Amino acid sequence: MPITLKSDRQQSSWATVDISYADLVSGAAQTAIQLPVNAVVQAGAVVVKTAFNSATSDVIVVGDSASSNRYRASVSIAAAGRQALTPTGYLTLTTTRGLQVTWTGVGAAPSAGALRLEVEYIVLGRGDANQD
């Protein structure tokens with residue numbers, strides 16, 4: 001049977017959230033971005049804009065309620081920089097799913113630090129445009 005060509009095309013969507021050191025609670029998973037039903041993460045990053053000035057090496061983990069490290073197991077937040085997420089192909093299926101960040105603080109709590117979580121995703125079954 002031949003492949004059936006489709007004319008619909010889809011654009012990806014981006015969601016971002018800025019997170020400050022004051023927003024985080026050590027060891028607590030916190031929802032940062034809600035993804036719609038049928039969403040699949042395509043790319044993304046944790047961008048540390050201002051290094052967290054904790055006394056030791058704190059990290060951020062990015063995942064969801066089913067897998068706390070689905071998109072990134074560990075990102076050091078001790079220095080400014082950009083660390084890519086790892087897309088897994090996971091499909092949110094029948095309910096919205098929140099992307100969560102979990103900060104693990106070791107030692108003294110930071111008094112400064114800021115990061116941005118960026119996520120690119122598509123929603124399966126949605127067509128935004130047609131191509132002849």
Side-chain angles (χ1 to χ4, degrees):
M1 176 187 329
I3 296 172
T4 303
L5 300 178
K6 297 191 180 278
S7 63
D8 62 326
R9 298 292 185 262
Q10 182 181 103
Q11 298 173 356
S12 61
S13 297
W14 281 90
T16 63
V17 63
D18 290 315
I19 301 170
S20 164
Y21 74 95
D23 299 328
L24 299 170
V25 176
S26 184
Q30 296 174 267
T31 299
I33 294 174
Q34 287 285 359
L35 295 178
V37 173
N38 289 327
V40 178
V41 172
Q42 300 296 298
V46 173
V47 182
V48 178
K49 300 186 307 182
T50 303
F52 285 62
N53 65 350
S54 302
T56 56
S57 59
D58 297 344
V59 297
I60 288 284
V61 175
V62 183
D64 56 39
S65 61
S67 177
S68 64
N69 64 354
R70 184 182 307 278
Y71 301 107
R72 187 65 194 225
S74 181
V75 175
S76 172
I77 56 176
R82 179 182 191 86
Q83 295 290 322
L85 299 182
T86 305
T88 63
Y90 179 76
L91 177 63
T92 59
L93 288 179
T94 59
T95 61
T96 59
R97 175 74 44 112
L99 251 59
Q100 297 178 333
V101 295
T102 305
W103 166 55
T104 301
V106 180
S111 60
L115 63 89
R116 172 176 291 135
L117 177 62
E118 303 172 344
V119 178
E120 178 186 19
Y121 64 94
I122 61 169
V123 179
L124 297 183
R126 179 175 70 185
D128 297 319
N130 287 321
Q131 175 179 317
D132 295 330

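Side chains are part of it too, since the values below use all heavy atoms of this structure and drop only hydrogens, waters and symmetry mates. Since this is a predicted model, take the numbers as computed values, not measurements.
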Report the residues that fulfil side chain to side chain contact (heavy atoms under 4.5 Å, CB included) with Val59, sequence neighbours left out, ordered by chain and then residue number. Ser74, Thr104

Is the backbone N or O of Val47 less than 3.5 Å from a side-chain atom of Glu118, with the two atoms forming a donor-acceptor pair by type? no

Thr92: side-chain hydrogen bond (donor to acceptor under 3.5 Å, both in side chains) partners, not counting sequence neighbours: none

Name all residues meeting the side chain to side chain contact (heavy atoms under 4.5 Å, CB included) criterion together with Ala29; count only those two or more places apart in sequence or in a different chain, and write none if there are none. Gln100, Thr102

Kindly list each side-chain donor-acceptor pair under 3.5 angstrom involving residues 107-116, sequence neighbours excluded, with atom names and distances?
from, atom 1, to, atom 2, distance (Å)
Ser111, OG, Asn53, ND2, 2.9
Arg116, NE, Asp18, OD1, 2.8
Arg116, NH2, Asp18, OD1, 3.1
Arg116, NH2, Asp18, OD2, 3.4

What heavy-atom pair brings Val75 and Gln83 nearest, and what distance separates the two atoms? CG1-CG, 3.7 Å

For the student: nearest non-hydrogen atoms of Val123 and Pro36, plus distance: CG2-CG, 3.7 Å

Point-to-point distance, once rounded to the nearest 0.5 Å, from CD of Gln10 to CG of Leu124: 7.0 Å

Nearest non-hydrogen partners of Ala15 and Tyr121, listed with the distance: CB-CE2, 4.3 Å

Supply the atom-to-atom distance Ile122 CD1 to Asn38 CG, rounded to the nearest 0.5 angstrom. 10.0 Å

side-chain contact (heavy atoms from CB on, under 4.5 Å) between Trp103 and Ile77, intermediate numbers included: CA-CA 9 Å; Trp103 166 55; Ile77 56 176; 3.7 Å; yes

Side chain to side chain contact (heavy atoms under 4.5 Å, CB included) involving Ala51 - partner list, sequence neighbours excluded: none

Any non-hydrogen side-chain atom of Leu24 less than 4.5 Å from a side-chain atom of Phe52? yes

Same cluster for Ile33 and Val61 if Ile/Leu/Val/Met/Phe/Trp/Tyr side chains link at under 4.5 Å? no

Close side-chain approach of Tyr21 and Ser54, heavy atoms under 4.5 Å: no

Side-chain donor-acceptor contacts of residues 84-91 below 3.5 Å, not counting sequence neighbours, with atom names and distances?
from, atom 1, to, atom 2, distance (Å)
Thr88, OG1, Tyr90, N, 3.3
Tyr90, OH, Arg97, NH1, 2.9

